[in-house]
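These notes concern the structure reproduced below.
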Amino acid sequence: MNDAKQIKKSKTGMSIKSKILAYMLLFVIIILLLIWFFQIFLFDYIYSSVVISKLTREAEMVENHLDDGLDRIVSSIGLDEGMCVTVYKLTDTNQFTSLVNIHVSSGCLLHSTTSDTLSSLYANAKASEDGVYIYRAKMTGFSFASQSGDDELSDSSLPDSVIYTVATTSKDGTEIAIFLNCQITPDEASVQSLTTTLMIISLITIACVLVVAIIIANHVARPITDVNREAKSLANYTYDGNKVHRGYREINELNETLSHAAVELSKADMTQKELIANVSHDLRTPLTLIGGYAEMMRDIPSENKPENLQIIIDETKRLSTLVSDLLEVSQFRTGRRTLAFEPFNLTEALRETINRVMHLYEPEGYIIRLEVEGDVWVNADRTRILQVLYNLVGNAVSFTGDDRTVTIRQTINDGVVRVSVIDTGEGIAKEDLPLVWDRYYKVDKVHRRGVGGTGLGLSIVREILTLHGARFGVSSELHVGSDFWFELATIPPASMQSAPDSASPPDSENTPARVGEDTNPDEGKET
C-alpha cells in the first residue's frame, strides 16, 4: 500500500521535458527582460553617454585645428555629424567675435540664444577643471537656468538638446570659446521604431526557443524514459538494455549498470532458489531418518536397539551442524560476527588439527600428511583459523582421489606463511574456480554433501579469511587435484607477550585482501 502511494506520489512531479522547456523559456524571458530594461529605462542614459562622447571627440578636433583648417573641420563636423558649431574669440573687452559658424538644424539652441547666455556658458566652462561645461535643455523654449532643472518646455514631444562648451586658448594666447550643439535624446519616431522591432524579435526568439527546447527535451528525455521503462522490469530480474536509446555518456553508463544489475539479480535469485532447494534436501534427509527410525522403534519393540538410537543421535547432530553453519554464514554476512585477535603458534595449531582429524578419518583409510618448514607465530583469531583448517581438510577429504591422501603444507616466504591443503581428486575446471566459494555451489551440479559436510564450509572459510584481511585462493588441475591455500603475516615468537589484543585485522597494506596468484582469488571447492 505504501509502495503504491509512493509510486503515485512520484508521478505528480514535473517531467524532465517540462523542466527543460520551463528552464529554457525562463532563461530566454530573463534575457529579453534585460534587453527591454536597457531599452526602456537605460536607453536614454546610454544614448546620451554616446552623444557626449562624440561631442567630446569633435570638440577636441576643433580645438586642435584652431590655427590651421578651422573652417574645413567645422564644416565637416556639421555636415557629417549633424552638429551646429560656433567658435568665438574674446576681445579685450570680453566681447565675442565669431571665427566660424555652421548651422545645420532648425532647432539649434546656439542660434536662438542670447549673447548673455553664451557668456554664462563660457564662464561655467572656464571655471571648470577641464574647461568643459555641458548643458542640457529642450529643443525649443530655451531658457538658461544652470543645472536646477527649471527648463521652459514649449513642446514636450521634442527631444532634448545639449550645448557642449569648451573654454580654451589659441597659440597666440587668445581666449577661444567653442560651442557645439546637437540632439541628445532620440526622437519619438526612432524610439517607437526600435520598440516595435524589439517586440518582433522577442516573439520570434520565444518561438524559436520553444521549438529548440522541445527538440532538446525529446533528445534528452527519450533515453531516460527508456531506462525508466526498462528499469520497471528489474522486479522480474530482467532488463533489456538494447531497447534504450543511446543518448549520452551518463545514460549509457546507467544503462550498462542496470543491465549488470539485472544479470546479478538473476544470479542471486537463482542462487537463492538453489540454496533453498539444497537446504531443504539436507534438512529432509536427517529428518526422514530420525522420523523413520523413531516410528520403527515405537511400532516394533524388538528394534529398540542402541545402534538405532545412535543413528537418530548422529542425524540429530548432522541437523544441528547444518543449522549452526547457516546461522554462522548469516552472522558473517550481516557483520555481527567479530574476531578476537591474539598471537599463537600456527604450526602447533596445524599439528592439533591433524591429530584430531586423523582419529576421525584413519579408520576409513585416509592418510593426512603435514609438511612444515618450522614453527611460525601469527596474530589472528585462533578459534576461527582452526575452523578454517577443519573446513579445508574436510573439503579435501571429501574430494581426494583413490589414494585417499591429503597433504597440509606450511611454507614461509618474506614474513608471510602460506598454508596449503592439497588433495589428489578430480580437480576443478577453470570456469568453475571463481564460483566454488559460493554457498552450496556444486561443481558437478548434482547436490551431494561431502563426508560430514553441510555445503557451507568454503563459504565460512571465505568470510573468516576476509575478516582477517588474509590472502587466499585455489589452484587446480583436472584429474590431478586441487590446492586450497591462505596466507597470514608472521610475527616473532617473542612478541607473544607484547602484542596487543586487537579486535581488528592486521594492516591491509601488509596483508591485502584475498588475491589469487596463478588462479582467480575467489576460487575453491564445495565442502
Side-chain angles (χ1 to χ4, degrees), residues 6-57 80-83 136 139 156-162 182-234 239-259 261:
Q6 184 65 28
I7 293 173
K8 184 177 181 181
K9 181 180 179 181
S10 65
K11 291 182 179 179
T12 60
M14 290 181 63
S15 66
I16 189 170
K17 287 185 178 180
S18 301
K19 286 190 175 181
I20 291 177
L21 286 171
Y23 290 151
M24 292 194 68
L25 190 59
L26 179 62
F27 173 76
V28 171
I29 290 175
I30 291 175
I31 297 299
L32 292 176
L33 286 176
L34 288 174
I35 294 175
W36 278 89
F37 175 78
F38 280 96
Q39 166 67 25
I40 296 174
F41 297 102
L42 298 180
F43 182 68
D44 183 72
Y45 172 77
I46 296 173
Y47 187 87
S48 301
S49 299
V50 172
V51 171
I52 295 298
S53 298
K54 184 166 63 171
L55 287 168
T56 301
R57 290 195 303 270
D80 296 341
E81 305 295 340
M83 295 181 182
R136 180 169 179 166
M139 292 291 288
S156 59
S157 65
L158 293 176
D160 289 356
S161 182
V162 65
C182 70
Q183 178 180 317
I184 197 171
T185 57
D187 55 43
E188 186 176 354
S190 299
V191 173
Q192 183 63 37
S193 175
L194 186 60
T195 302
T196 303
T197 302
L198 184 58
M199 184 177 296
I200 295 173
I201 292 175
S202 299
L203 293 175
I204 294 175
T205 302
I206 292 175
C208 292
V209 166
L210 286 175
V211 173
V212 173
I214 292 173
I215 295 174
I216 295 176
N218 287 332
H219 180 73
V220 172
R222 180 180 175 185
I224 297 177
T225 303
D226 293 344
V227 169
N228 180 58
R229 182 191 65 246
E230 294 301 319
K232 294 177 181 178
S233 63
L234 281 176
Y239 181 89
D240 191 354
N242 294 325
K243 294 182 179 180
V244 176
H245 178 73
R246 298 288 174 171
Y248 32 91
R249 187 184 65 186
E250 290 79 3
I251 287 296
N252 295 338
E253 291 177 355
L254 177 60
N255 185 35
E256 293 174 0
T257 300
L258 290 176
S259 297

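Values below: all heavy atoms of this structure, side chains included; hydrogens, waters and symmetry mates excluded.
- For the atom pair CD1 of I35 and CD1 of I201, the computed distance is 8.0 Å after rounding to the nearest 0.5 Å.
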Quiz prompt | Criterion side-chain contact (heavy atoms from CB on, under 4.5 Å) on I52 and I184, from CA distance to verdict | solution = CA-CA 8 Å; I52 295 298; I184 197 171; 3.9 Å; yes

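- Of the residues listed (I29, L34, V28), the one engaging L32 in a side-chain contact (heavy atoms from CB on, under 4.5 Å) is V28, and it is the only one.
- Of all non-hydrogen atoms in Q183 and V51, the two that sit nearest each other are O-CG1, 3.8 Å.
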Quiz item: Could you go step by step and tell me if K54 and C182 meet the side-chain contact (heavy atoms from CB on, under 4.5 Å) rule?
Solution: CA-CA 10 Å; K54 184 166 63 171; C182 70; 5.7 Å; no

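- Considering only residues two or more places apart in sequence or on other chains, T56 meets the side-chain hydrogen bond (donor to acceptor under 3.5 Å, both in side chains) condition with Y164.
- With sequence neighbours excluded, the residues satisfying ring pair (Phe, Tyr, Trp, His ring centres under 6.0 Å) with F37 are F41.
- Applying the side chain to side chain contact (heavy atoms under 4.5 Å, CB included) rule to I200 yields the partners T196, I204; only residues at least two apart in sequence or on another chain are considered.
- Pairing each heavy atom of V212 with each of M24, the nearest pair is CG1-CE, 4.4 Å.
- We find the CG-CD1 distance between L26 and I31 to be 10.0 Å, quoted to the nearest 0.5 Å.
- How far CD1 of I30 is from CG of L25: 10.0 Å, rounded to the nearest 0.5 Å.
- For the atom pair CG of L198 and CG of L203, the computed distance is 9.5 Å after rounding to the nearest 0.5 Å.
- Among residues at least two apart or in separate chains, side-chain hydrogen bond (donor to acceptor under 3.5 Å, both in side chains) pairs with a member in residues 202-212 are W36-S202.
- Across every non-hydrogen atom of D160 and R136, the tightest pair is OD2-NE, 3.0 Å.
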